[in-house]
Amino acid sequence: MRRTRILTAVLALAAGLLAGTPPALAADGTAKVSLAADTYTWKNARIDGGGFVPGIVFNRSEKNLAYARTDIGGAYRWQESSKTWTPLLDSVGWDDWGHTGVVSLASDSVDPNKVYAAVGTYTNSWDPKNGAVMRSSNRGASWQKTDLPFKLGGNMPGRGMGERLAVDPNKNSVLYLGAPSGKGLWRSTDSGVSWSQVANFPNVGNYQQDPSDTSGYASDNQGIVWVTFDESTGTSGNATKTVYVGVADLQNSVYRSTDAGATWTRLAGQPTGYLAHKGVLDAAGGHLYLSYSDKGGPYDGGKGQVWRYATATGTWTNISPVAEADTYYGFSGLTVDRQKPGTVMATAYSSWWPDTQIFRSTDSGATWTRAWDYTSYPNRANRYTMDVSSSPWLTWGANPSPPEQTPKLGWMTESLEIDPFDSNRMMYGTGATVYGTENLTNWDSGGQFTIKPMVRGLEETAVNDLASPPSGAPLLSALGDVGGFRHTDLTKVPSMMFTSPNFTTTTSLDFAETNANTVVRVGNLDSGPHIAFSTDNGANWFAGTDPSGVSGGGTVAAASDGSRFVWSPDGTGVQYTTGFGSSWSASSGIPAGAIVESDRVDAKTFYGFKSGKFYVSTDGGATFTASAATGLPSGDSVRFKALPGVKGDVWLAGGATDGAYGLWHSTDGGASWTKLSNVDQADAIGFGKAAAGASYQTLYTSAKIGGVRGIFRSTDKGATWTRINDDAHQWGWTGAAITGDPRVYGRVYVSTNGRGVVYGDTSDTGGGGGTDPTDPTDPTPTGACAVTYKITNQWSGGFQADVQLSNTGSSAWTGWSLGWTFPNAQTISQTWNAESVQSGSAVTAKNVGWNANVAAGSSVSFGFTGNWSGTNGKPTAFKVGDQNCTVT
């Protein structure tokens, strides 16, 4: 069940996007593009989790304020009213894709509106940019950024240690940041605006996971790994005097300052031979607790200990729950109960088999109990029950033999936090989800506590490929770490990922265009087949047979009628088969590693691309011939697709900034190509339902057009383009895959590298514009109505509200307009699922295209963020047209 989290696009980016030369201008010097001509609503196709959550941070002064950080998928804030997570870094753009990796996060206990994130994905050459510290004064609704003179590694080894970033609990203008790569300890004295190295800090760390790794990934010095303040040694407005710092050094892992950082010393008497993954201070009890492992994690760790340091006397006590000789794992996750001093918990983060372990003590570590124990091996007795009904795929479809169980309690459990205001609530992150409980103290009374996923809204999958067939499920996905899913309802979590076999990562998938029940996928698996087939639209699967030499998934293509397949796997050359892959034959005329696709009309025509050359087969993949076309991208950062319904109509996107880069179109099966002069750069291309009155399918691309990076749509064969995302919805790198929906005009599915599958719906229902909130000719509904207005979140100067409008009359609405007046001069800043205009205190909110129709007895919901000062009273009266609504 080991899941790796390496950036999907590293090789493609290294080949192209990281080159330093600027893109060429369009040939005619112009780009026909509208940058804000349509309103889109963006959501995730729900998977709930799917990746490693190495950090959970509760604010120490405000109840229910919590954050989570992910290794490649940004940061999130907990929304207590809905028990969901809100993404906070979707505004990170293409050029700064590395800033979706969050190595540390800090919530200010003096001013809970302030939150900080230390961002950067890799410290080696894979990420071209340095790290940054992002700061927010509105809980992550918006950010300012300070670039650092070194890189940070949200997806590097050691990322579960921490937190590396900390705010002084007495003087919140002071922050510390532990850096990797030998860059030392850094401090800010102006609330994160500027940073300088703490010159007299004596140890920059020296631990490397694998010094021989020439890529720089495992050989990086993991550096300074956590900072902890002893708040009892300071007073409000004055810097805390005692600060503890953890260093990635097996012999010298903990340092302390007792003069607010002026001087530092190695803490005397400390354990050696281990790395201190966490240092958690219980000021009330006078103890610093430390969890140790012999490795940096999150995957490795063979031995570990837990220690307690008495801050007043300097006494060290080994309080390990298990004797070192009996460990085969390290300790990392560590938390104390702020309501009950002396209650401490720790995790065996690297216990892969048979399960992770969680330990709990109520006497400061003198004695411990475990989340599960053996009765008579291999049978277990659990102190907990698990309810994964909200994310049923967490069982992985497994049926293990004892002592393994499904679902597992977890793995890579480096984040573990008891709510500082509620002894019954605990959350912990795993390699796949966030689990939590709200009756934790049952542990102490001999009862069982219930663990459930607490992950809704946190979407962290890396997307490699997407498909939207013309019938059956609207979405099939190829994902890293969790394989992929068949979504029959985008708003619901699928019951299971693809199984039989269960690839750790699915690299490519395809369906037969004229027989969408036939689906093929390929992927990576430590042992077993690398290809699977379905004859029921991806609901059930069976394994194919690998040709000799296959080591990974590569790319795969299904014939338009499902009669044959072409596969370009890792480890060997391109192969073809008739039927379902019981035997394979080598294709000729095409190089190994080529990307392969099928014509969507002619069942015997397949296409390939490798190193600037386009290849065509007209005999079912047996032989390929190189096209004479020139001028295509010379590298392999390319994606291409054939248009459904038209033989030989192919679009190709890709390239690099130091060569050919853009979007090409062929109407003769790749014999010749035309480069679109109005597209600067393009990285993925897809098709969706044609606009009303259009004869050609809608094009979607992740591209740079008119000098702007974004997601673009064309309804006229690429003659003009409309940017359909905005700066608040960028999701870092979106170049792996994109596709429209053949059944829903305007719907587009976008791949991300860590934020899951994002899909957008347009307010333009037929290819025209949406409704205008100021246009009096828009339809006005009649009949009774009811409104529920709820403030779901509020902070200093800002708030979020949800509005539900119900049609309580007897006739359906074909458009609606809701008006109200704010009682305290509040102002709206952003609206979703509606369009709003405001004049003074008066507000009018109207439907967008997709939610105009409201049947009698039904309701529609929308929300907004706004500003307030003094008082934030709720409106008391609402009108739909001239009809007063009941306020509920």
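This structure is a prediction, so every number in the text was calculated from the model and none was measured.
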Asker: Taking the side chain from Asn130 and the backbone from Leu148, do they hold a donor-acceptor pair closer than 3.5 Å?
Answerer: yes

Asker: Can you see which heavy atom on Tyr292 is nearest to which on Pro271, and at what distance?
Answerer: OH-CD, 3.5 Å

Asker: Side-chain contact, heavy-atom cut-off 4.5 Å: Lys129 with Asp96?
Answerer: yes

Asker: Determine the interplanar angle of the Phe331 and Tyr329 rings, folded into 0 to 90°, and report it as parallel if under 30°, tilted if 30 to 60°, perpendicular if over 60°.
Answerer: perpendicular

Asker: Hey, does the side chain of Tyr289 reach the backbone of Val306 with a donor-acceptor pair shorter than 3.5 angstrom?
Answerer: no

Asker: Could you go through the side-chain contact (heavy atoms from CB on, under 4.5 Å) check for Ile56 and Val434 one step at a time?
Answerer: CA-CA 9 Å; Ile56 298 170; Val434 175; 4.1 Å; yes

Asker: Between the side chain of Ser253 and the main-chain N/O of Val247, is any donor-acceptor distance below 3.5 Å?
Answerer: no

Asker: Under the criterion side-chain contact (heavy atoms from CB on, under 4.5 Å), I'd like the reasoning laid out for His99 against Leu89: C-alpha separation, chi angles, the key distance, then a yes or no.
Answerer: CA-CA 8 Å; His99 292 170; Leu89 292 179; over 6 Å; no

Asker: Between Asn124 (side chain) and Ser215 (backbone), is there a donor-acceptor pair under 3.5 Å?
Answerer: yes

Asker: Can you measure from CH2 (Trp731) to OG1 (Thr752) and round to the nearest 0.5 angstrom?
Answerer: 9.0 Å

Asker: Measure the OH-CG distance between Tyr207 and Leu275 for me, rounded to the nearest 0.5 Å.
Answerer: 6.0 Å

Asker: Please test Asn172 against Asp111 for side chain to side chain donor-acceptor pair (under 3.5 Å), starting from the C-alpha separation and ending with a verdict.
Answerer: CA-CA 8 Å; Asn172 66 333; Asp111 182 356; 5.2 Å; no

Asker: Taking the side chain from Asp168 and the backbone from Thr240, do they hold a donor-acceptor pair closer than 3.5 Å?
Answerer: yes

Asker: Distance check, rounded to the nearest 0.5 Å: Leu65 atom CG versus Asp419 atom CG?
Answerer: 10.5 Å

Asker: Where do Tyr428 and Thr347 land on the side-chain contact (heavy atoms from CB on, under 4.5 Å) test, with the steps shown first?
Answerer: CA-CA 10 Å; Tyr428 67 97; Thr347 68; 5.7 Å; no

Asker: How close do Asp190 and Ser194 get, counting heavy atoms only, and between which atoms?
Answerer: OD2-OG, 2.5 Å

Asker: Could you walk me through whether Asp95 and Arg709 pass salt bridge (charged side-chain N to carboxylate O under 4.0 Å, His left out), step by step?
Answerer: CA-CA 9 Å; Asp95 291 337; Arg709 259 287 168 185; 5.8 Å; no

Asker: Which atoms form the tightest heavy-atom contact between Trp226 and Ala276, and what is the distance?
Answerer: NE1-O, 2.9 Å

Asker: Would you check if the side chain of Gln270 reaches a backbone N or O of Val254 as a donor-acceptor pair within less than 3.5 Å?
Answerer: yes

Asker: Taking atom types as modelled and ignoring hydrogens, do the side chains of Ser219 and Gln208 form a donor-acceptor contact shorter than 3.5 angstrom?
Answerer: no

Asker: Tell me whether Thr121 contacts the main-chain N or O of Gly98 through its side chain, where contact means a donor paired with an acceptor under 3.5 Å.
Answerer: yes

Asker: Can you name the nearest heavy-atom pair linking Met412 to Pro298, along with the distance?
Answerer: CG-O, 3.5 Å

Asker: If we only count heavy atoms from C-beta on, is the Pro180 to Leu152 side-chain gap below 4.5 Å?
Answerer: yes

Asker: How far apart are the closest heavy atoms of Asp71 and Arg159, and which atoms are they?
Answerer: OD2-NE, 3.3 Å

Asker: Could you check whether any side-chain heavy atom of Thr242 comes within less than 4.5 Å of a side-chain heavy atom of Arg256, counting everything from C-beta outward?
Answerer: yes

Asker: Counting neighbours of CZ on Arg456 that are heavy atoms of other residues, nucleotides or ligands and sit closer than 6.0 Å, is the number greater than 12?
Answerer: no

Asker: To the nearest 0.5 Å, how far apart are OG in Ser350 and CH2 in Trp411?
Answerer: 14.5 Å

Asker: Hey, could you give me the CE/CZ distance between Met427 and Phe58, rounded to the nearest 0.5 Å?
Answerer: 4.5 Å

Asker: What are the two closest non-hydrogen atoms of Tyr67 and Pro112, and how far apart are they?
Answerer: OH-O, 4.4 Å

Asker: Quick one, Thr100 and Trp733 - any side-chain contact, counting heavy atoms below 4.5 Å?
Answerer: no

Asker: Are a donor atom and an acceptor atom from the side chains of Thr146 and Arg135 found within less than 3.5 Å of each other?
Answerer: yes

Asker: Look only at the side chain of Ser415 and the backbone of Gly429, and say whether a donor-acceptor pair between them is shorter than 3.5 Å.
Answerer: yes

Asker: Do other residues, nucleotides or ligands put more than 12 heavy atoms under 6.0 Å from the NZ atom of Lys83?
Answerer: yes

Asker: Side-chain donor-acceptor pair under 3.5 Å between Tyr349 and Ser293, yes or no?
Answerer: yes

Asker: Any Lys/Arg nitrogen of Asp300 or Lys295 sitting under 4.0 Å from an Asp/Glu carboxylate oxygen of the other?
Answerer: no

Asker: So Leu281 and Phe229, do their side chains get closer than 4.5 Å, heavy atoms only?
Answerer: no

Asker: Applying side-chain contact (heavy atoms from CB on, under 4.5 Å), run through Phe150 and Gln197 and close with a yes or a no.
Answerer: CA-CA 11 Å; Phe150 51 85; Gln197 188 172 0; over 6 Å; no

Asker: Assess, by modelled atom type and distance only, whether the side chains of Asp230 and Thr228 contain a donor and an acceptor separated by less than 3.5 Å.
Answerer: no

Asker: Is there a side-chain contact between Glu62 and Arg139 in this structure, where contact means two heavy atoms from C-beta onward sitting under 4.5 Å apart?
Answerer: yes

Asker: When you check the side-chain N and O atoms of Arg187 and Tyr176, is any donor under 3.5 Å from an acceptor?
Answerer: yes

Asker: Determine whether Thr263 and Thr265 make a side-chain contact, defined as any pair of heavy atoms from C-beta on separated by less than 4.5 Å.
Answerer: no

Asker: Can you find a pair of side-chain heavy atoms, one from Thr258 and one from Lys241, that are under 4.5 Å apart?
Answerer: no

Asker: Considering residues, nucleotides and ligands other than Lys145, do more than 12 of their heavy atoms fall under 6.0 Å from its NZ?
Answerer: yes

Asker: If you round to the nearest 0.5 Å, how far is CG of Asn252 from CG of Leu250?
Answerer: 9.5 Å

Asker: Hey, is the main chain of Ala268 close enough, under 3.5 Å, to the side chain of Trp316 for a donor-acceptor pair?
Answerer: yes

Asker: Look only at the side chain of Lys278 and the backbone of Thr335, and say whether a donor-acceptor pair between them is shorter than 3.5 Å.
Answerer: no

Asker: I'd like to know whether Ser104 forms a side chain to side chain donor-acceptor pair (under 3.5 Å) with Glu163, so could you lay out the CA-CA distance, the side-chain angles of the two residues, the decisive distance to 0.1 Å, and finally the verdict.
Answerer: CA-CA 6 Å; Ser104 192; Glu163 294 291 318; 2.7 Å; yes

Asker: Regarding Asp249 and Asn203, is there a side-chain donor-to-acceptor distance under 3.5 Å anywhere?
Answerer: yes

Asker: Do other residues, nucleotides or ligands put more than 12 heavy atoms under 6.0 Å from the NZ atom of Lys183?
Answerer: no

